[in-house]
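Below: the structure, in structure tokens.
What's counted below: heavy atoms across the whole structure, side chains too, no hydrogens, waters or symmetry copies. Nothing fancy with the numbering, it's 1 onward along the sequence.
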Amino acid sequence: MTSEKIIFLTIGEPGYSRSWTYFNGARKLGANVEFIKIESNALTKQFLTLRKSLSRENVYVVMSPSQYLVPFVRIFLGRKVILDAGWSLFEGTVLARKRFGLFGLLALKTYLIDFISSHLAIKVIVESKNQAQFYSKMFLIKRSKITVLYTGLDEDSLQSA
């Protein structure tokens, strides 16, 4: 009998992503969770190492803004991948910051990362109903695959007076 574990994966630092709030909450509730920071300069090597040490029965949560990790999780670690996108990289890079790149190549690359990661994930988590609608239309995903999960408040970040 295997004990299913929820593994949170990111390229960012602990506490950076909104997923960190969910990780801490699950841990405080006694869930079997683990946080792993992936070094982006050795992705394949690190995933091959993780493949040997982690069970395929685990559920993997790819934390925002690490969308490009989803294909690696699917290929090397198993099928259960949840993308906690919050909002898409395309929204943050192209729509909000107007970064298109030379001949629009950055916009295309960013769109493809969001598109592929969203389709490979079994569930995509976003921050609002409007983002769920946007995600569904923009990346051609069934609305039933998208879940809205509000961030809430991480009480640990508050300092007592």
Side-chain angles (χ1 to χ4, degrees), residues 2-12 15-27 29 31-38 40 43-44 46-47 50-51 54-101 103-154:
T2 61
S3 174
E4 190 173 81
K5 183 188 280 189
I6 304 170
I7 311 278
F8 287 79
L9 299 164
T10 185
I11 57 169
Y16 175 77
S17 174
R18 72 191 214 110
S19 307
W20 188 251
T21 302
Y22 307 132
F23 170 79
N24 280 330
R27 187 179 59 190
L29 292 173
N32 191 6
V33 295
E34 184 177 345
F35 172 83
I36 299 174
K37 182 178 186 284
I38 303 293
S40 57
L43 285 172
T44 303
Q46 197 166 2
F47 273 101
L50 288 173
R51 182 180 188 170
L54 298 174
S55 167
R56 289 182 60 89
E57 300 303 314
N58 294 330
V59 174
Y60 299 94
V61 177
V62 172
M63 302 165 71
S64 175
S66 307
Q67 279 86 326
Y68 73 88
L69 294 179
V70 172
F72 288 92
V73 175
R74 278 292 296 266
I75 292 166
F76 292 108
L77 302 180
R79 297 190 50 88
K80 295 180 181 177
V81 183
I82 297 169
L83 173 59
D84 184 8
W87 57 328
S88 68
L89 296 174
F90 191 82
E91 288 173 89
T93 303
V94 178
L95 299 181
R97 292 183 186 92
K98 307 292 186 217
R99 294 185 188 160
F100 298 96
F103 303 114
L105 290 178
L106 178 61
L108 177 62
K109 174 186 164 188
T110 305
Y111 177 84
L112 289 174
I113 290 170
D114 280 324
F115 182 87
I116 292 167
S117 64
S118 299
H119 282 272
L120 289 176
I122 61 168
K123 185 66 73 177
V124 177
I125 302 171
V126 297
E127 292 182 343
S128 71
K129 290 179 183 177
N130 286 343
Q131 285 172 321
Q133 291 172 341
F134 173 84
Y135 237 94
S136 181
K137 275 186 187 178
M138 187 70 162
F139 304 114
L140 308 173
I141 299 173
K142 291 180 183 176
R143 181 60 183 88
S144 61
K145 187 176 183 174
I146 303 169
T147 298
V148 175
L149 188 58
Y150 301 103
T151 304
L153 175 67
D154 184 0

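Residues satisfying the side-chain hydrogen bond (donor to acceptor under 3.5 Å, both in side chains) test with Arg18, not counting sequence neighbours, are Tyr22, Asp84, Thr151. When the side-chain hydrogen bond (donor to acceptor under 3.5 Å, both in side chains) test is applied to Ser88, the partners found at least two apart in sequence or on another chain are Glu91. Applying the side-chain hydrogen bond (donor to acceptor under 3.5 Å, both in side chains) criterion to Glu127, with sequence neighbours excluded, gives no partner residue. Shown here are the side-chain hydrogen bond (donor to acceptor under 3.5 Å, both in side chains) partners of Glu34, two or more places apart in sequence or in another chain: Lys5.
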Stepwise side chain to side chain contact (heavy atoms under 4.5 Å, CB included) check, Gln67 with Leu83: CA-CA 7 Å; Gln67 279 86 326; Leu83 173 59; 3.6 Å; yes
Output, in order, the C-alpha distance, side-chain angles, deciding distance and verdict of side chain to side chain contact (heavy atoms under 4.5 Å, CB included) for Leu43 and Ile38. CA-CA 7 Å; Leu43 285 172; Ile38 303 293; 3.4 Å; yes
Would Leu50 and Leu77 satisfy side chain to side chain contact (heavy atoms under 4.5 Å, CB included), going step by step from the backbone distance to the final call? CA-CA 8 Å; Leu50 288 173; Leu77 302 180; 4.0 Å; yes
Quick one, Leu120 with Val81, criterion side chain to side chain contact (heavy atoms under 4.5 Å, CB included). Give me CA distance, side-chain angles, the key distance, then yes/no. CA-CA 8 Å; Leu120 289 176; Val81 183; over 6 Å; no
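Taking NZ of Lys123 as the start and CD1 of Ile82 as the end, the distance is 8.5 Å to the nearest 0.5 Å. Leu108 contributes atom CG, which lies 11.5 Å from atom CZ of Phe115 (distance to the nearest 0.5 angstrom). For the atom pair CD1 (Ile11) and CD1 (Ile36), the distance works out to 15.0 Å, reported to the nearest 0.5 Å. Put simply, CD on Gln46 and CG on Leu69 are 9.0 Å apart, with the number rounded to the nearest 0.5 Å.
Between the side chain of Ser136 and the backbone N or O of Ala132 there is no donor-acceptor pair closer than 3.5 Å. Without hydrogens or angle criteria, Ser17 side chain to Ser64 main chain gives a donor-acceptor distance under 3.5 Å. A donor-acceptor distance shorter than 3.5 angstrom exists from the side chain of Ser117 to the backbone of Asp114, with no hydrogens or angles considered.
Screening Phe35, Trp20, Tyr16, Phe23 against Phe8 for a ring-ring contact (aromatic ring centres under 6.0 Å, His included) leaves a single residue, Phe23.
Applying the ring pair (Phe, Tyr, Trp, His ring centres under 6.0 Å) test to pairs two or more places apart or on separate chains, those with a residue in residues 58-77 are Phe47-Phe72.
Ala85 approaches Val124 most closely through the heavy-atom pair CB-CG1, 4.2 Å. Counting all heavy atoms, side chain and backbone alike, Asn58 lies closest to Lys80 at O-CB, 3.9 Å. Of all heavy-atom pairs between Leu89 and Pro65, the closest is CD2-CB, 3.8 Å.
For Lys37, the NZ atom counts as densely surrounded, since its 6.0 Å shell holds more than 12 non-hydrogen atoms of other residues, nucleotides or ligands.
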Please list, one pair per line, the donor and acceptor atoms closer than 3.5 Å that link side chains of residues 139-147 to other protein atoms, with sequence neighbours excluded.
residue, atom, partner, partner atom, Å
Arg143, NH1, Ile146, O, 3.0
Lys145, NZ, Ser118, O, 3.0
Lys145, NZ, His119, O, 3.0
Lys145, NZ, Ala121, O, 2.7

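Looking at Thr10 and Ser66, their side chains do bring a donor and an acceptor atom within 3.5 Å of each other.
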